[in-house]
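Report on the following structure.
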Amino acid sequence: MKGSIISGAIQGFLAVALGAFAAHALEDKLDAYGTGIWNTAIQYQMLHAVAIVLVGILMSKAIFGEVKQLKIAVICFNAGVVFFTGSLMVLALTGIKVLGAITPIGGVLFLIGWAMIISATLKHAK
């Protein structure tokens with residue numbers, strides 16, 4: 001529970017920091033296409049940062065406890081941010097389009113994470 005909330009908070013912190021970095025330090029380096037890609041990356045990172053924190057709360061003893069599906073969800077969300085957000089950021093900075101092939105791996109990890117939350121809810125909701 002605690003680790004999940006901390007990792008979600010770190011992801012949220014990084015999303016804000018990287019968003020601000022792009023808005024200020026990369027303003028002249030990214031074209032409209034790159035800025036759009038960067039913004040998509042930040043949106044998904046922040047959304048999943050909040051989701052990780054919420055899953056951490058679900059892992060409290062008063063709700064579901066630390067069930068396996070929720071642990072998998074947190075792992076998938078964190079890995080999804082690395083693959084999805086990371087590949088989009090590198091694509092935005094470099095323009096290397098082949099990196100777009102990595103992005104769907106992150107998307108699939110996000111989907112698995114959401115499916116694990118559904119599974120945990122169906123199995124453990126009181």
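Since this is a predicted model, take the numbers as computed values, not measurements.
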Quiz prompt | Shared-cluster residues of Ile118, by chain and number - hydrophobic side chains joined below 4.5 Å | solution = Leu122
Quiz prompt | Nonpolar side-chain network containing Ile112, other nodes, edges under 4.5 Å | solution = Ile72, Val108, Met116
Find the distance between [atom1] ([X]) and [atom2] ([Y]) and round it off to the nearest 0.5 Å.
X: Leu91; Y: Ile37; atom1: CG; atom2: CD1; value: 4.0 Å
X: Ile52; Y: Ile6; atom1: CD1; atom2: CD1; value: 12.5 Å
X: Thr121; Y: Leu58; atom1: OG1; atom2: CG; value: 6.5 Å
X: Met59; Y: Gln69; atom1: CE; atom2: CD; value: 10.0 Å
X: Ile42; Y: Leu14; atom1: CD1; atom2: CG; value: 9.0 Å

Quiz item: Can you list every ring-ring contact (aromatic ring centres under 6.0 Å, His included) pair that touches residues 13-41, not counting sequence neighbours?
Solution: none
Quiz item: Which pairs with one or both residues in residues 63-88 pass ring-ring contact (aromatic ring centres under 6.0 Å, His included), sequence neighbours excluded?
Solution: Tyr44-Phe84, His48-Phe77, Phe77-Trp114, Phe84-Phe110
Sequence neighbours left out, what passes side chain to side chain contact (heavy atoms under 4.5 Å, CB included) with [X]? Give chain and number order.
X: Leu111; answer: none
X: Ile57; answer: Ile5, Val53, Leu54, Ile63
X: Ile96; answer: Thr94, Val98, Leu99
X: Gln43; answer: none

Work out which heavy atom in [X] is nearest to a heavy atom in [Y]; give both atom names and the distance.
X: Gly65; Y: Leu70; result: O-CD1, 3.9 Å
X: Ala41; Y: Leu88; result: CB-CB, 3.8 Å
X: Ala101; Y: Pro104; result: O-CD, 3.4 Å
X: Ala49; Y: Gly12; result: CB-N, 3.3 Å
X: Ala15; Y: Met46; result: CB-CE, 3.8 Å
X: Ala73; Y: Gly113; result: CB-O, 3.5 Å

Quiz prompt | Check: Ser119 side chain, Ala115 main-chain N or O, donor-acceptor pair, under 3.5 Å | solution = no
Self-check item: Pairwise side-chain contact, Met89 with Leu18, heavy-atom cut-off 4.5 Å (strictly under)
Solution: yes
Quiz item: If we only count heavy atoms from C-beta on, is the Val90 to Ile102 side-chain gap below 4.5 Å?
Solution: no
Quiz prompt | Listed partners of Gln11 passing side-chain hydrogen bond (donor to acceptor under 3.5 Å, both in side chains), at least two apart | solution = Gln45, Asn78
Self-check item: Pairs flagged by side chain to side chain donor-acceptor pair (under 3.5 Å) wherever residues 49-68 is involved - sequence neighbours left out
Solution: none
Exercise. Please lay out, stage by stage, how Leu93 and Leu26 fare under the test side-chain contact (heavy atoms from CB on, under 4.5 Å).
Key: CA-CA 9 Å; Leu93 291 171; Leu26 300 178; 3.7 Å; yes
